[in-house]
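Everything on this sheet refers to the single structure shown next.
In the text below, chain A, chain B and the rest are named by the order of the sequence lines, each starting its count at 1. Every heavy atom of this structure was used, including side-chain atoms; hydrogens, water molecules and symmetry mates were not.
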Amino acid sequence: MFECKPIFNSLLRSKAGAMMLLVQIAITVAIVSNASFIIYDRVQYLKQETGYPEESIFSFSITSFVEDFDQLQQIEIDESVLRGIPGVINAVNLSEIPLSGSGSASSIHTAPPPDTGRGVRAAYVLGDENSVDTLGVKIIAGRNFNQEDVVIQRSPDQVATVAIASKSFVEEMFPDGDGLGNTVFMGPYPVQIIGVVEKMMGPWLKDRKADNFIIFPMVVESTFQKMLVRTEPSERASVMKQVEALMLENNGDRVVSNVIGMDDDKALYNAGDMLMLRMLLVLIVVLVLITALGIYGLTMFNISKRTKQIGTRRALGARKSAIVRYFLIENSMVCSAGLLIGIVGAIYLGDALLKAYSLPALDIMYVVVTAIVVFCISVLSVIIPANRAANISPSIATRSV
Amino acid sequence: MLSMKNINKVYQTEKVQTHALRDFDLEVSEGEFIAVTGPSGSGKTTFLNIAGMLESYSSGDYLLDDINVGKLSDNAKADLRNQKIGFIFQGFNLIPDLNLYENVEVPLRYRGIKSAQRKQRIMDCLEQVGLASRAKHLPQQLSGGQQQRVAIARALAGKPRFLLADEPTGNLDSLMARQVMDLLEQINRDGATIIMVTHDPELARRAPRNIQVVDGQLADFTLYQGAPDMHVSSHAAAQV
């Protein structure tokens with residue numbers, strides 16, 4: 001009843017159209033499964049927890065064009081002005097803004113040079129005792145900075161002796177779990193870890209060690225300062241609008257710029273990924289659409305080419321359902337061959353992408369699901385033409401067409 | 001065996017009504033060999049299509065082996081065609097992508113006959129038309145006459161009680177036409193009832209019974225008992 005063998009033989013005897021479709025299906029599976037996996041991977045990346053209440057935080061930069069004033073005192077004034085704005089929870093001067101794509105990193109060691117011991121790379125930021133609270137992160141072990149911990153750096157050898165680090169860094173640095181209270185070395189300078197934060201990401205989300213992050217309690221003089229402010233979530237927009245005027249009010253010899261929410265700053269950093277995501281989505285839709293149209297078109301062409309044959313089959317006793325089944329089986333055979341080649345192609349492509357662009361290894365489930373979806377789409381694309389074929393009158397067999 | 005009473009077939013287009021068959025009456029008994037002649041457009045093929053349940057009729061009664069065809073569903077008609085009727089077409093209508101064996105196999109598959117049984121029957125039928133040795137050939141590798149013999153084998157494969165032939169020799173030269181006609185006569189002698197539409201007066205004369213269709217009606221009815229006669233040739237000659 002299923003005519004598999006004659007359909008298969010018939011396909012082998014006239015393979016041009018079927019081959020084209022087969023290649024198209026194979027390419028679609030190979031590309032769509034990899035593209036879907038990349039999309040999934042990027043979405044996971046974009047959705048990842050950073051540890052910060054991003055929608056409550058914003059930052060801005062201050063550039064002074066007058067140098068003969070007490071910059072450290074100005075920082076104190078600025079912070080207190082910011083804290084006085086209704087809706088502001090806390091504000092801090094930070095050397096770098098997390099998630100912004102701009103920052104500092106260093107190798108931290110278990111011993112001073114020359115015998116440095118174990119080394120772990122981490123990004124770091126300098127800020128006063130308000131840093132942890134303004135960032136909105138949670139200390140899970142140890143304590144926060146106090147005023148005595150903060151080093152106001154007036155010469156290069158004045159450095160912090162304590163630090164608060166992310167759990168991820170502490171666990172990597174001290175795999176035995178004895179990180180809290182232990183001492184690490186930043187070059188020759190010993191630093192004791194006094195607090196561990198559950199989660200806080202550094203400036204570069206794409207970094208393999210993005211959540212290795214350390215806060216040193218230090219304030220450094222500079223004509224270019226960055227401020228971070230945490231507000232009530234609903235108040236952020238209005239505080240952001242006031243901030244420039246308020247800053248200039250207490251010192252007009254400077255420029256306030258780059259007032260931006262932490263989420264927007266992160267989005268800016270990830271703009272390339274978002275663009276890629278959208279392009280991959282368009283690629284998937286276009287490829288699947290072309291394949292569906294290809295199957296539809298080829299089946300329609302086959303039907304118009306075989307009108308008399310279909311009429312003859314009906315005359316010889318084929319029910320309408322047998323005609324529909326014929327086209328479904330024919331399509332399934334071509335599609336299955338295409339899917340098999342496509343699955344192998346997808347795995348090879350995934351492997352090539354892994355090697356060339358350091359993408360994560362392709363999850364085989366994506367290939368399987370893509371193959372199933374493409375198969376379903378191919379069946380849907382063939383049903384309308386197949387039904388049309390089934391409605392061809394058997395009397396066409398006696399006509400001269 | 002086949003009974004048509006007051007069969008009418010009207011083709012309706014936007015503005016024109018065409019009567020392809022009018023009050024068409026015909027009784028066919030088991031084992032008959034009937035040649036149907038008539039001018040082009042007279043309704044011969046429409047009659048054959050209705051007899052073979054390839055198209056429906058507008059009014060009247062058609063009984064095939066006492067089954068009222070007008071009341072059958074599309075599926076029931078397909079099954080009945082498959083079981084009782086073998087078709088031979090002017091253009092052979094073999095499926096080009098299937099070899100001879102697979103072509104003869106088509107109606108047997110629709111009947112759901114098992115593979116081993118199918119094989120025996122297909123080879124018997126190909127043997128009967130003298131083409132068993134070429135079972136693996138494709139239709140386009142054969143001459144027209146050979147292709148029509150394959151089509152006859154296909155029609156015979158289901159062991160039909162009726163054979164409907166639409167200009168079976170129309171695309172063949174006279175020698176091949178004669179061979180095909182010999183084959184049809186043999187099949188008729190073996191018990192099948194044959195209705196053959198033809199333009200060829202010589203072939204028509206070889207059928208024991210001739211009927212003429214003119215303007216959708218049975219215009220003339222002559223029973224030949226083997227003796228050649230030119231009774232129907234005036235119509236046939238007019239359209240050659």
Side-chain angles (χ1 to χ4, degrees), chain A residues 1-19 298-299 301-331 333-334 386-401, chain B residues 44-50 52-56 73-99 101-115 136 138 140 151 154-155 157-158 160 164-167 170-171 197:
Chain A
M1 277 302 269
F2 286 108
E3 297 187 82
C4 293
K5 199 174 158 210
I7 292 174
F8 183 71
N9 289 342
S10 164
L11 277 172
L12 288 182
R13 286 171 196 138
S14 53
K15 16 184 179 325
M19 282 301 287
L298 190 75
T299 314
F301 172 71
N302 276 337
I303 287 165
S304 65
K305 205 176 72 174
R306 298 187 207 160
T307 305
K308 190 145 194 169
Q309 183 189 131
I310 295 162
T312 304
R313 284 178 181 276
R314 293 275 287 128
L316 297 177
R319 291 179 171 195
K320 285 183 176 180
S321 57
I323 301 295
V324 173
R325 199 164 51 230
Y326 181 95
F327 283 100
L328 284 176
I329 292 173
E330 187 182 63
N331 171 70
M333 283 182 179
V334 176
N387 274 314
R388 192 179 286 195
N391 283 322
I392 289 174
S393 165
S395 66
I396 205 96
T398 55
R399 286 190 209 137
S400 310
V401 284
Chain B
K44 301 187 300 289
T45 301
T46 303
F47 155 68
L48 197 79
N49 283 346
I50 290 173
M53 293 175 285
L54 300 183
E55 60 184 298
S56 57
S73 68
D74 194 77
N75 279 346
K77 278 184 197 166
D79 294 346
L80 200 61
R81 273 199 299 273
N82 182 263
Q83 284 156 14
K84 292 194 184 288
I85 301 174
F87 286 97
I88 302 165
F89 304 100
Q90 180 176 3
F92 325 135
N93 292 18
L94 296 175
I95 294 166
D97 297 330
L98 301 182
N99 64 29
Y101 183 95
E102 290 161 344
N103 261 292
V104 178
E105 193 179 29
V106 171
L108 301 181
R109 278 187 177 270
Y110 292 137
R111 202 183 287 188
I113 295 174
K114 292 213 159 45
S115 172
K136 298 284 178 197
L138 290 172
Q140 57 267 34
R154 180 178 65 186
L164 299 181
D166 182 26
E167 306 272 8
N171 285 2
V197 165

Less than 4.5 Å to any heavy atom of chain B: does that hold for the side chain of A:Arg319, its backbone, both, or neither?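 A:Arg319 touches chain B through backbone and side-chain heavy atoms alike.
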
Are B:Glu102 and B:Arg154 within salt-bridge range, i.e. N to O under 4.0 Å?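 No.
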
I'd like to know if B:Asp97 and A:Arg306 make a salt bridge, using a cut-off of under 4.0 Å between side-chain N and carboxylate O.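 Looking at B:Asp97 and A:Arg306, the cut-off is not met.
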
Where on [X] is there a heavy atom nearer than 4.5 Å to chain A: the side chain, the backbone, both, or neither?
| X | result |
| --- | --- |
| B:Asn49 | side chain |
| B:Asp166 | side chain |
| B:Leu80 | neither |

Using modelled atom types and a 3.5 Å cut-off, is there a donor and acceptor pairing between side-chain atoms of A:Arg314 and backbone atoms of B:Ala78?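 The answer is no, because no donor-acceptor pair under 3.5 Å joins these two groups.
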
Checking B:Asn103 side chain against B:Ile95 main chain: does a donor-acceptor pair fall under 3.5 Å?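 Yes, the answer is positive, given that a donor and an acceptor are paired below the 3.5 Å cut-off.
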
